[in-house]
Amino acid sequence: MKPDDPNLKRLEPPKLTVLEQTYLPQILGGLAVTGRHILGAAFGGTAVTVQYPEEQHVPTANYRGVHRLNKDEQGRVKCVACMLCATACPAHCIDIVGATAPEGWDDREKYPESFVIDELRCIFCGMCEEACPVDAIELTGLYDLTGLSREELIYDKSKLLSVFDMTKDAEPMKTGNPSPSLPQPTTPLDPEGPGPRSTATAAQLPSRS
Amino acid sequence: MATWQIAVILVKIFLIVGIFQGAVAYMIMLERKIAAWSQDRVGPNRAGPFGLIQPLADGAKMLLKEDVIPGYVNKPLYVLAPAIAIIAATIGFAVVPFGPAGIDAPTINGHPIHFQIAPNVDVGILYVFAIGSLAVYAVILGGYASNNKYSFLGGLRNSAQIISYEIPLGLSVIGMVMLSRSLELGDIIAWQDTNGIGIIPAWGILVQPLAFVIFLVSAFAETNRLPFDLAEAEQELVGGFHTEYSAMKFGMFFLGEYLHVITVSFLTAILFLGGWDVPFVGLGVEDTGWIAALIKVGVIFFKVALMVVFIMWIRWTLPRFRYDQLMNLAWKAMIPLALLNLIVTMVLIQLFRGVG
Ligand code: SF4
Ligand code: SF4
């Protein structure tokens, strides 16, 4: 469309009246709005903030927090050491040492001998979760990732598996075959999420020794 | 001057300075609370019940923080600037009356006690403005001594703002001064109290509404409060003249600003809200006994508190002005309007009172 197109509709802002040009009515209107919020939050209890740590925030079901390594029905780590997650990771924070699967693990050739995620470098993008062909790695709803040293935030295999133990009841595996007694998550974007998510916090994890 | 008189004055100075500096600590907390409430948050509530110990915690933080003096600053001026800020803000209270004094006022040795550090200063309001304008030295010295282009520009920007807004501020009060024919703040209150029509008092906000608006807007700009706080403008400019200041020296600028807010609230209450005058309850100008005087002190403090809350409320309502808008408002709107107000007042006074 050219600037002189006859079909072009020009919108003019409405002229301000003299009173409006002083801005006083608008200022009073603005004061009324903030006044309502001030009174509401001060006396009406309409403040929307969560009083952490007394109240725990419950993130939505698609929140991306601390990782976990899922276990299969026999309690073995699901990961098959294919390195797809480590390859997909833009922050290069996954370090896997694969090894031939032990005797009796008939469904796969390899398993991770060591699986370390540097949570300090992780940007919680969820690429690893997307990349994993067997849904072995998932991001949980744990958000209070804290530690007293840098080493504490480098999660090894046992720690990642313990996150699974901590969160498996509240957050069943998104796909795969979780045990049928567990409640299934509702639609992933349901703002309320599938009820209260994990009540455990990352700080309760055993520290790496 | 007798020894007891000096003692009384010293007691008054300590009381007033102590009360107001303590009040500032709690004003900062109130400001944080109002900020939180207007954004549907809860605000500081960790230190003590309802967060009431928060001001102590803030103060401790100010004192315990590392006090950095950069190596490249002009040290004497750098240290002097925050001191000027706080001294200029404090000594303005000398002439502010907090309550009435009359023939039956409470006395010591037959002399009435004035609720004022320096009573009967005939040029009261001029003194307040003269002292108030000293604040600009703190700003410009702070910017200059920091030896940093950004701070210097910030200081210039802010001093231009303060000086510009002093003109409409001064012009807007002349109306009240002409009406009450006095520069003494107590007299101005008495005039408002006695010249009402029936039970409606002649408060400045009613007889000089335009001057009230101009005064209020200029006062916001004078005290660097939003929407005119280009001195700080944390979001866009990362601080102005006080960028190089840390810990308690920054705190002193802050304290000065808040003391300024109290002064301005007092001036508004005195000039435009009738001071300690309470309409409709039959407390006249003559009532200056103990009880009446104390009630009146309470009334004026209540009005001042309302003003302070209003100033904070505005802060969280209006967005910040751009610098050219700020200057346009002062020179193209406020000053002409203030002059117009002055001329109209002058003409009306001449018409109704006759010449002389
Ligand atoms: S969430 Fe992203 S950054 Fe973190 S480990 Fe997975 S792929 Fe890497
Ligand atoms: S977690 Fe998944 S993607 Fe990563 S190595 Fe194991 S199986 Fe492959």
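Below, each value reflects all heavy atoms present in this structure, side chains not excepted, and no hydrogens, waters or symmetry copies. Each chain gets a letter, A, B and so on, in the order the sequences are listed, and its residues count up from 1.
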One option among A:I38, A:T49, A:T46 has the most heavy-atom pairs under 4.5 Å with chain B, and it is A:I38
Under 4.5 Å to a heavy atom of chain A? For B:I34 that would be both
Angle class for the B:F301/B:F266 ring planes (parallel below 30°, perpendicular above 60°, tilted otherwise)? perpendicular
Just give me the residue among B:W316, B:F310, B:W313 that pairs up with chain A most often, heavy atom to heavy atom, under 4.5 Å. B:W313
Leading residue by heavy atom contact count with chain B [cutoff under 4.5 Å; candidates A:T34, A:V48, A:L31]: A:L31
Under 6.0 Å between the ring centres of B:Y165 and B:F228? yes
In terms of the angle between their ring planes, are A:F43 and B:W37 parallel, tilted or perpendicular, with boundaries placed at 30° and 60°? tilted
Please report whether the ring centroid of A:Y143 lies less than 6.0 Å from that of A:H57. yes
